[in-house]
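A, B, ... follow the sequence lines: proteins, then strands. Residue 1 opens every chain.
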Number of protein chains: 2
Amino acid sequence: MADVALHAGVALGTVSNVLNKPEKVKELTRRKVMASIAELGFVRNDAARSLAAGTSNTIGIVLADLSNSLFVDIARGAEATVRQHGMNLLIANSDVDLTKQSLNISLFEQSRVAGVLLAPLDTAFARTNSVLSTTPLVLVNYASESGTYSGVVADEVHGGYEAARHLIGLGRTRLVFLGGPLMLMAVAQRLAGARAAVAESPGVTLEHIETRGLNMAHGRQAGQEILTRPAGTFDGAVAASDLLAVGAIQVLDENAGYEVPTDLAFIGYDDNHFASESAIPVSTISQHGEEMGRAAAQLLINEIHGGPLTLKRTVVIKPDLVPRRSTLGDDWRRD
Amino acid sequence: MADVALHAGVALGTVSNVLNKPEKVKELTRRKVMASIAELGFVRNDAARSLAAGTSNTIGIVLADLSNSLFVDIARGAEATVRQHGMNLLIANSDVDLTKQSLNISLFEQSRVAGVLLAPLDTAFARTNSVLSTTPLVLVNYASESGTYSGVVADEVHGGYEAARHLIGLGRTRLVFLGGPLMLMAVAQRLAGARAAVAESPGVTLEHIETRGLNMAHGRQAGQEILTRPAGTFDGAVAASDLLAVGAIQVLDENAGYEVPTDLAFIGYDDNHFASESAIPVSTISQHGEEMGRAAAQLLINEIHGGPLTLKRTVVIKPDLVPRRSTLGDDWRRD
DNA sequence: CCTCACAATTGAAGCGTTTCACAGAAGGTA
DNA sequence: TACCTTCTGTGAAACGCTTCAATTGTGAGG
């Protein structure tokens, strides 16, 4: 920077002003300085900058699992908001590993980012709470039970409710819920929501087939399980994830006599990209990941500007029904 | 840090030594210092650290598209290697946007990361080359034509060749290649590889149906196109992506008379997670994203240690055939 | 032509580390 | 005991920037 100042024939402080408060410096001088910067190929040292300024303009986000499109959507949404405020977003991937998650959080704290967004593992109570530092932190897709942090969550219960309502609204009465393990709060809540919908509809029943996970292989197992029951046992199914639904539908599809949605209407969860593209496009509940990311980023930015005493809030985002062929049948058309 | 020193009754420099060269300081003192650090909740300021030390221990990776699982795999592989060397990996997502890509690169340069891994957009010649700074940079999934940078690429030609060879080896003779636009180098190269395989096999023909993209919708269009031809026109298909293959198969599957793989054997490309899980598991060419990431990280670390004069190399990673039911039929079993 | 108010510019004092030349202590040797 | 070595621990000088009080223009009004 000293070089640039020399080359442009101005003081060091002026160069700094050109970079940070361009309105403070006369057009002509600004031009000269810019020219020198370009000519010398100067790149401002951000480490020095944030050391001196005491604040950085980048925000870090720690994601539980990059292979999960929900988290990618969250990151995308967060980035949009962060950029609007002239800041940058850096991502760290925990890869479903609690140790990495802690490592990543402290990595961001050490580098003195302006704030941290944390999309934690579902099972990660413990560690989350031990993060008590001065770096502003906002949770995404996980509620801080103690109210220590602001956060954004999807209303999973409502999602489960809507899914079941949709089936009931289509006249289905013998429902089954596919999903597990119940240790996952998200699954438990979706099930609770579905139960609530059933409870308020006389004559409708709901059985739960617990799976050991949420991917397609588990879905196929669940599909087999359904096949062991007498035909017609169920006429509507809520799956705790789209992959589960797709897997189960594959199995049912292979065995004639169980047509989707005629015999069994199927609805999934997550609005996984793949779900809309599978052979029978799967109706689903969309969690609006981008919106969650945007909201979380906004919360974080408020906290950055408002200081540590900023009121902690939890924003709840309602998921929405996205009906497709797996429930509507031929009435539904691809657009 | 001064506080810690005071609290532990040692000099400032000693605290620094405890953190950086623990072997230089007596066990007892180290303990005292560690205790003080814990008690005071001290978090080392990395900005100051890298300013003073002149080097950082984090590496940045700029990814063209987080929704593409290949890039996520690359990041995962890179992270593994980076961690082995005691460094950290931060991710920035360009989201298929050239402007963001440049922004992200300069973001990393400004923050003085030890080095940058760049997985650029396929169309991004221009910008890539203008990155001429002192920060070590290694390309992934893209070759630096000028030899300015080291890089890791998949051998796309070989991949296309293997795909076609596989079909030919199964006795298929009337092949079709689905993919486009040819502007994408990867697609063009895969096609070239397939052509090479056909050229060396007398009696085998290859037609090219150009698509406008590589996702499932494009695949369905291609499937329609195939249906317009007289039955039996093709008996083997190479798709430039798994999604393309899955889409096309969906369409053919709905129209009786075109059974996969009996009538038409299908092979995709990318080893997309979904490809192995779709109704008919799709044979594919795997690019080994993690391996690419690991190799690139290693190259970068060499360059960081070796200085700017380090010999630039391009590592080529050969993709592999992963045969599944869409070519082998019932001979293939899910494991 | 002088003042005054305001705009533009200056430069030195930090910011929180690492590094490194030195000082002190401890242990070995003659 | 005197003299060397080897370990430990010390503290001040950078690192490259932002900030801000102080200084130097500048133009309008009288």
Side-chain angles (χ1 to χ4, degrees), chain A residues 1-37 40-58 86-87 106-114 133-135, chain B residues 1-37 40-58 86-87 106-114 133-135:
Chain A
M1 203 156 181
D3 294 349
V4 174
L6 201 65
H7 186 274
V10 298
L12 199 153
T14 304
V15 177
S16 176
N17 281 336
V18 169
L19 258 30
N20 301 312
K21 318 173 178 164
E23 75 283 359
K24 284 264 162 198
V25 44
K26 208 166 47 179
E27 176 66 16
L28 180 67
T29 343
R30 222 195 66 202
R31 255 201 248 289
K32 274 195 306 188
V33 172
M34 293 300 251
S36 298
I37 288 183
L40 270 52
F42 165 80
V43 178
R44 180 230 251 103
N45 184 328
D46 231 32
R49 173 187 147 81
S50 47
L51 174 57
T55 100
S56 143
N57 65 161
T58 108
M87 310 181 82
S106 43
L107 172 62
F108 279 133
E109 287 183 331
Q110 287 192 186
S111 60
R112 293 293 191 280
V113 293
S133 84
T134 50
T135 311
Chain B
M1 204 157 181
D3 295 349
V4 174
L6 201 65
H7 186 275
V10 299
L12 199 153
T14 303
V15 178
S16 176
N17 280 337
V18 169
L19 258 30
N20 302 311
K21 318 175 179 163
E23 75 283 0
K24 285 262 162 200
V25 46
K26 205 165 48 179
E27 176 65 16
L28 179 67
T29 346
R30 222 195 66 202
R31 256 202 247 287
K32 273 195 307 186
V33 173
M34 293 300 249
S36 298
I37 288 183
L40 270 51
F42 165 81
V43 177
R44 178 230 250 105
N45 184 329
D46 231 31
R49 173 187 148 81
S50 47
L51 173 57
T55 98
S56 144
N57 66 160
T58 107
M87 310 180 83
S106 43
L107 172 61
F108 279 134
E109 287 183 331
Q110 287 192 186
S111 60
R112 293 294 192 279
V113 293
S133 83
T134 50
T135 311

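Note on R30(B): every side-chain N or O is 4.0 Å or more away from OP1 and OP2 of dT8(D). Side-chain N/O atoms of R49(B) include none lying less than 4.0 angstrom from OP1 or OP2 on dC15(D). Residue T14(A) places no side-chain N or O under 4.0 Å from the OP1 or OP2 atom of dT9(C). Side-chain nitrogen and oxygen atoms of S16(B) include at least one within less than 4.0 Å of the OP1 or OP2 phosphate oxygen of dT18(C).
Within a 6.0 Å sphere centred on CE of M34(A), heavy atoms belonging to other residues, nucleotides or ligands number 12 at most.
Among dG16(C), dT10(D), dG16(D), the nucleotide with an atom closest to any side-chain atom of A11(B) is dT10(D). Of the candidates dG16(C), dT19(D), dG16(D), the closest approach to any side-chain atom of N45(A) belongs to dG16(D). The side chain of F42(B) lies closest to dT17(C), out of dT17(C), dT10(C), dT18(C). The side chain of L51(A) lies closest to dG16(D), out of dG9(D), dG11(C), dG16(D). Proximity note for M1(A) (side chain, C-beta onward) versus dT17(C), dC17(D), dT10(D): the nearest is dC17(D). Looking at the side chain of K21(B), the nearest of the listed nucleotides dT17(C), dT19(C), dC17(D) is dT19(C). Listed candidates were dT17(C), dT10(C), dT8(D). Nearest to the side chain of V10(A) is dT10(C).
If you measure from atom CG of L6(B) to atom C1' of dT10(D), you get 15 Å, rounded to the nearest angstrom. At whole-Å resolution of the value, NZ in K26(A) and C1' in dC6(C) are 14 Å apart. Atom pair R112(B):CZ and dC17(D):C1' shows a separation of 11 Å (rounding to whole Å applied). Rounded to an integer number of Å, the gap from CG of L12(A) to P of dG16(D) is 11 Å. One interatomic measurement links the two molecules: CG of L28(B) to C1' of dA25(C), which rounds to 15 Å at whole-angstrom precision. Here dC17(D) presents its C1' atom at 14 Å from CG of N57(A), a figure rounded to the nearest Å. In this structure, CG of N17(A) is placed 10 Å from C1' of dC20(D), rounded to the nearest angstrom. One atom, NZ of K24(A), and another, P of dC20(D), lie 11 Å apart when rounded to the nearest Å.
One finds the OG1 atom of T134(A) at 6.5 Å from the CZ atom of R112(A) (value rounded to the nearest 0.5 Å). Note that the OG1 atom of T14(B) and the CG atom of L19(B) stand 11.5 Å from one another [nearest 0.5 Å]. Separating the CZ atom in R44(A) from the CD atom in E109(B) is a distance of 13.5 Å, to the nearest 0.5 Å.
Nucleic acid contact class of T29(A) (heavy atoms, under 4.0 Å, all strands): sugar-phosphate only. Using a 4.0 Å heavy-atom distance criterion, N20(B) is classed as a sugar-phosphate-only contact.
In terms of heavy atoms, T58(A) sits closest to M87(A) at N-CE, 4.5 Å. Shown here for S36(A) and A8(A), the closest heavy-atom pair between the two residues is OG-CB, 3.3 Å.
Where L19(A) and G13(B) meet DNA chain D, the nucleotide closest to each residue was compared, and G13(B) sits on the side nearer the 5' end.
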